[in-house]
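This chain uses plain numbering: 1 for the first residue, then up along the sequence.
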Amino acid sequence: MLTLSQDVKGGKGSADALFINKIPVPEPGEAQALVKIKAFGLNRMDILQREGNYPVPPQAPSTMGVEFSGTIEKLGRNPEVGFKLGDEVFGLAYGGTLQYFG
């Protein structure tokens, strides 16, 4: 299955460089969850990242967006205790919340 993802032409640039890209839906790692995003926030860090002025951690996806809320769609093989499919969650991620699949 593919997801619609925000991306930046050339890897960095102005807001005019933003476009929608199709990428594979990510698989959750060992203790991760795949969250169907209901809402996300864009903040200063996202703008700086888009402009190429914010170094992201090596494990961060190229898709921007760190603040999110949504519903757990899939869990990794060893999920954190207390989380289950269908739970409504919110939080901060390394990035990648500006996506849509459905």
Side-chain angles (χ1 to χ4, degrees):
M1 181 188 310
L2 293 176
T3 180
L4 298 178
S5 169
Q6 162 280 319
D7 209 340
V8 183
K9 292 176 188 165
K12 64 180 179 178
S14 69
D16 292 338
L18 293 172
F19 72 101
I20 302 297
N21 199 8
K22 292 181 181 177
I23 62 172
V25 173
E27 282 293 320
E30 184 79 13
Q32 295 179 332
L34 177 66
V35 176
K36 188 168 189 174
I37 303 297
K38 183 173 182 176
F40 61 86
L42 286 178
N43 60 39
R44 185 169 187 263
M45 186 210 72
D46 295 299
I47 293 168
L48 291 172
Q49 179 184 345
R50 184 199 74 223
E51 294 172 340
N53 297 318
Y54 187 86
V56 295
Q59 70 273 31
S62 62
T63 303
M64 294 185 297
V66 295
E67 301 167 347
F68 70 93
S69 67
T71 306
I72 294 178
E73 191 82 8
K74 190 173 185 179
L75 292 166
R77 292 178 297 178
N78 191 18
E80 294 288 329
V81 174
F83 288 101
K84 62 186 181 315
L85 295 180
D87 280 353
E88 294 178 336
V89 294
F90 69 95
L92 295 172
Y94 285 117
T97 67
L98 300 184
Q99 295 186 34
Y100 171 79
F101 73 95

(request) Rounded to the nearest 0.5 Å, what's the gap from CD on Gln6 to CZ on Phe40? Could you check? (result) 8.5 Å
(message) Within this structure, what is the OH-CD1 distance for the pair Tyr54 and Ile47, rounded to the nearest 0.5 Å?
(response) 13.0 Å
(request) Measure across Gly65 and Leu98 and return the closest heavy-atom pair with its distance rounded to 0.1 Å. (result) CA-CG, 3.9 Å
(request) Kindly indicate, with the supporting measurements, whether the criterion side chain to side chain contact (heavy atoms under 4.5 Å, CB included) is fulfilled by Met64 and Arg50. (result) CA-CA 8 Å; Met64 294 185 297; Arg50 184 199 74 223; 3.6 Å; yes
(message) Thr97: which residues meet the side chain to side chain donor-acceptor pair (under 3.5 Å) condition with it, sequence neighbours left out?
(response) none
(message) Suppose the criterion is side chain to side chain donor-acceptor pair (under 3.5 Å): which pairs have a residue in residues 21-30, not counting sequence neighbours?
(response) Asp7-Asn21, Glu27-Lys74, Glu30-Arg77
(request) Inspect the surroundings of CD in Gln59 and state if more than 12 heavy atoms from other residues, nucleotides or ligands are less than 6.0 Å away. (result) yes
(request) Kindly work out whether a path of hydrophobic side-chain contacts (I/L/V/M/F/W/Y, heavy atoms less than 4.5 Å apart) joins Leu18 to Ile37. (result) yes
(message) When you measure from the side chain of Gln49 to the backbone of Asp46, do you find a donor-acceptor pair of N or O atoms at a distance under 3.5 Å?
(response) no
(request) Using the rule that two of Ile, Leu, Val, Met, Phe, Trp, Tyr join whenever any of their side-chain heavy atoms come within less than 4.5 Å, decide whether Leu48 and Leu92 are in one cluster. (result) yes
(request) To the nearest 0.5 angstrom, please state how far the CG atom of Asp16 sits from the NZ atom of Lys9. (result) 8.5 Å
(message) In the structure I gave you, are the side-chain heavy atoms of Leu2 and Ile23 within less than 4.5 Å of one another anywhere?
(response) no
(request) With side chain to side chain contact (heavy atoms under 4.5 Å, CB included) as the test, would you mind laying out the steps for Asn43 and Glu67 before giving the verdict? (result) CA-CA 9 Å; Asn43 60 39; Glu67 301 167 347; 3.1 Å; yes
(request) Examine Leu75 and Val89 and state if one hydrophobic cluster contains both, with Ile, Leu, Val, Met, Phe, Trp and Tyr joined whenever side-chain heavy atoms are less than 4.5 Å apart. (result) yes
(request) Spell out, yes or no, whether Phe68 and Leu42 are grouped together once hydrophobic residues are joined by side-chain heavy atoms under 4.5 Å, including indirect joins. (result) yes
Hey, can you pull the donor-acceptor pairs under 3.5 Å for the side chains in residues 78-87, sequence neighbours left out?
from	atom 1	to	atom 2	distance (Å)
Lys84	NZ	Asp87	OD1	2.9
Asp87	OD2	Lys84	N	2.9

(request) Under the side chain to side chain contact (heavy atoms under 4.5 Å, CB included) rule, what do Leu34 and Val25 come out as? Steps first, then yes or no, please. (result) CA-CA 9 Å; Leu34 177 66; Val25 173; 3.8 Å; yes
